[in-house]
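See structure below.
Just so you know, these numbers use all the heavy atoms, side chains as well, and skip hydrogens, waters and symmetry mates. Here is how names work: the chains are called A, B, and so on, in the same order as the sequence lines, proteins then strands, and each is numbered from 1.
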Amino acid sequence: MKSASFHSIDYSRDLNPAQLEAVTAAGGPVLVIAGAGSGKTRTIVYRVAWLVEHGVAPSSILLLTFTRKAAEEMLTRAALLVQGSLAQVTGGTFHSTGNLLLRRYANRLGLQTSFSIMDQSDSIDAFDHLRKSIAGPVTDLKSFPRARTIAEVVSRSKGTQTSIRDSLEYRYPHFVHAGELIEKIGAEYEEYKRLNNLIDYDDLLLHTIRLLEEYEDVRRDVSARWQHVLVDEYQDTNRLQARMLVLLASDHGNVMAVGDDSQSIYAFRGADFRNIMEFPDLFPGTRIIKLEENYRSTAPILAVTNSIIERASVGYPKRLYTRRAGGPLPLAARPMDERRQSRFVVQCVKELVEHDIPIREVAVLFRAGYHSFDLEAELARNSIPFVKYGGFKFIESVHIKDVLAHLRVVANPADRLSWTRILKLLPGVGVKTAMKLADRIAGTGIPNDAAELFPRSGKHHQEIQKLLDLVRRLKQTDEPLANKVDQVNQYYYPHLMENYDNYPKRMKDLEHLTDLTVRYRSLYRFLNDMALEPPDEERTGNDRRSNSLVLSTIHSAKGLEWHTVILIWAAEGRIPSPMAMDSPDELEEERRLLYVAATRAKHNLVILAPRTMMDRARGISQVRPSRFIEEIPQEYFRGLALD
DNA sequence: CAAACAACCTTTTTT
DNA sequence: AGGTTGTTTG
């Protein structure tokens with residue numbers, strides 16, 4: 001590596017010794033264990049800058065992050081440091097990088113480059129179809145796993161490279177007897193995707209791995225292109241991603257992985273935090289660097305978070321410390337019920353605002369999206385502005401999916417899944433007819449005359465004809481994407497108005513979708529991004545500059561920080577989630593989740609555990625504070641006792 | 001075989 | 001409170 005003639009960045013001033021060691025490491029594998037708030041992002045940003053300053057071409061750097069947005073932010077910051085453009089750096093997720101390579105080398109694997117990416121619900125739709133057609137005739141579907149369950153099990157089996165049976169054992173041992181049939185459905189699913197030119201999330205990784213494993217020339221080209229690979233949030237990668245990383249770096253070994261085993265919270269979707277433990281085995285000669293100085297939180301907060309995590313059963317031993325000695329003790333309180341919890345939060349927020357804390361520096365965190373419903377109502381009553389992250393997504397709403405399905409058949413006419421979806425919207429067309437028509441269209445192309453499709457029924461020809469005309473027109477024209485989307489919208493609005501009382505809101509969503517397309521030149525790109533990096537409503541629509549209280553699931557709060565964090569529902573039955581109760585591994589993950597939540601706080605941490613909980617099944621019941629909270633020495637808290 | 005209606009149940013977290 | 005799933009009707 002050649003050295004630059006002069007440095008505009010004073011690395012040793014801006015970084016602590018451990019960070020500096022990571023940033024200035026020579027080539028070869030490096031694992032950075034970065035505790036919460038230890039300047040992880042800063043380290044990656046400076047690392048990119050350092051590489052570029054030392055003669056590494058930006059185009060030969062690959063930055064793998066959890067979301068593309070994270071990559072963009074880091075690159076923006078790094079570009080400011082080096083005072084130059086880093087547009088040539090490839091930044092994105094493992095999935096989007098896989099997509100990039102597969103589009104380019106699709107022919108090697110016998111794939112068409114025009115493949116569409118299925119999101120999770122597309123995949124569930126496909127399984128639903130296969131479940132009915134394969135399992136339906138031979139078994140009572142009432143005692144057979146639902147499509148979502150099958151999708152989850154099959155995906156897990158692929159992601160963890162284990163058998164269907166083992167994957168069933170993990171969370172659905174009561175369905176092990178259905179293993180054989182599920183295996184059959186899994187096999188059919190592969191065939192179904194091939195036939196329809198579809199690829200799911202797992203495939204993006206699996207095909208990429210196959211590509212790099214089986215085609216040495218491709219692998220050499222790829223590792224020649226990206227000479228340095230940086231990975232963020234390594235604790236949340238799965239086995240396939242680790243494998244992909246090995247292949248990407250196989251020719252040069254220049255890999256820097258950054259992560260924190262204590263913050264691994266995605267095992268439910270196949271992430272395996274053993275990846276971070278086994279990194280040194282995967283990359284012999286790994287240098288391990290630990291970042292243990294916390295710059296985010298005050299000492300009293302850190303006392304609580306350290307106390308949470310030191311009871312964890314596995315992980316790299318580490319202990320965070322801070323020089324920020326002062327600050328109030330975290331507050332723990334037990335409101336009588338949910339209503340009072342919500343009022344307590346409102347009260348806190350009002351007081352903070354009176355003390356001139358910007359409201360956007362305050363966050364309310366919770367385990368699951370629906371835990372904040374009551375609070376949202378209370379905030380609205382008090383006219384407190386808020387934005388919510390996590391939970392249900394814009395992209396998942398029916399009307400958005402419907403419109404996207406129209407666009408997808410334009411991009412990929414073989415996509416029966418989308419054809420079926422949009423045909424079902426027509427009057428007089430149900431599942432059966434839709435599938436039959438989808439088959440015909442995918443097989444022989446879009447006919448000019450609807451009558452060719454459906455010679456017998458006269459009544460609904462006009463409607464089918466309109467759809468066919470729309471799709472054909474969109475395929476042929478060269479107009480801007482936004483126009484095309486708008487044509488679909490116009491076509492779709494009548495259906496919307498007929499079926500939903502809240503159609504004005506949904507129409508607004510569709511206009512928002514149209515706005516999103518303005519940045520795109522190609523329909524393919526747009527559809528890819530919608531599948532790989534769906535926009536979240538809040539962050540795009542409601543600019544984050546907006547001065548609003550933040551409501552967020554703990555998962556969506558990862559990597560962020562606030563002056564004050566209020567954790568609601570820190571109670572048994574919420575954290576840990578009941579779903580995790582009977583698995584020690586999952587319980588451990590719940591503990592880490594609580595750790596992630598608490599470590600987001602800079603100055604104030606408030607933990608609330610209502611005494612009662614409303615439950616649909618049981619009605620009102622008494623609840624204890626979360627076991628992870630009860631374990632913490634009480635003297636670490638101020639305020640009301642936990643009992 | 002589609003449409004209208006009822007029941008239901010779901011909802012952990014998400015690339 | 002929402003959509004999904006099942007049931008009945010036409």
Contact class for [X] (heavy atom, under 4.0 Å): base, sugar-phosphate, or nothing?
X: A/R68; result: nothing
X: A/F94; result: nothing
X: A/E589; result: nothing
X: A/F373; result: nothing
X: A/R506; result: sugar-phosphate

- Using the six-membered ring for Trp and the full ring for Phe, Tyr or His, decide whether A/F268 stacks on the six-membered base ring of B/dT14 (centres under 5.5 Å, planes under 30°). no
- Heavy-atom protein contacts under 4.0 Å, nucleotides 1-6 of chain B, coded B base, S sugar-phosphate only, - none: SSS---
For [X] and [N], give me the distance from atom [atom1] to atom [atom2], rounded to whole Å.
X: A/Y370; N: B/dT14; atom1: OH; atom2: P; value: 13 Å
X: A/H399; N: C/dT4; atom1: NE2; atom2: P; value: 12 Å
X: A/E152; N: B/dT11; atom1: CD; atom2: P; value: 10 Å
X: A/Y500; N: C/dG3; atom1: OH; atom2: C1'; value: 8 Å
X: A/Y389; N: B/dT13; atom1: OH; atom2: P; value: 17 Å
X: A/R146; N: B/dT11; atom1: CZ; atom2: P; value: 10 Å
X: A/H371; N: B/dT10; atom1: NE2; atom2: P; value: 15 Å
X: A/K69; N: B/dT15; atom1: NZ; atom2: P; value: 11 Å

OP1 or OP2 of [N] under 4.0 Å from side-chain N/O of [X]:
X: A/T553; N: B/dT14; result: yes
X: A/S577; N: B/dT13; result: no
X: A/R148; N: B/dT11; result: yes

- Task: Check the angle between the aromatic planes of A/H129 and A/Y192 and answer parallel, tilted or perpendicular using the 30° and 60° thresholds.
- Result: tilted
- Message: Tell me whether A/R103 at atom CZ has more than 12 heavy atoms from other residues, nucleotides or ligands lying less than 6.0 Å away.
- Response: yes
- Taking the side chain of A/H555 as heavy atoms from C-beta outward, which of C/dT4, B/dT13, B/dT15 is closest to it? B/dT13
- Comparing A/R269 and A/E590 on DNA chain B - which has the more 5′ nearest nucleotide: A/E590
- Message: Tell me whether A/D119 contacts the main-chain N or O of A/D122 through its side chain, where contact means a donor paired with an acceptor under 3.5 Å.
- Response: yes
- Message: Within the 3.5 Å criterion, strictly below it, is a donor on A/E233 or A/Y266 matched to an acceptor on the partner's side chain?
- Response: no
- Query: Less than 4.5 Å apart, any side-chain heavy atom of A/D128 and any of A/K132?
  - Reply: yes
- Message: Run the salt bridge (charged side-chain N to carboxylate O under 4.0 Å, His left out) test against A/E588 and tell me which residues pass, sequence neighbours left out.
- Response: A/R591
- Would you check if the distance from the ring center of A/Y491 to the ring center of A/H406 is below 6.0 Å? yes
- Task: Nearest 0.5 Å please: distance from the CZ atom of A/F144 over to the CD1 atom of A/I182.
- Result: 5.0 Å
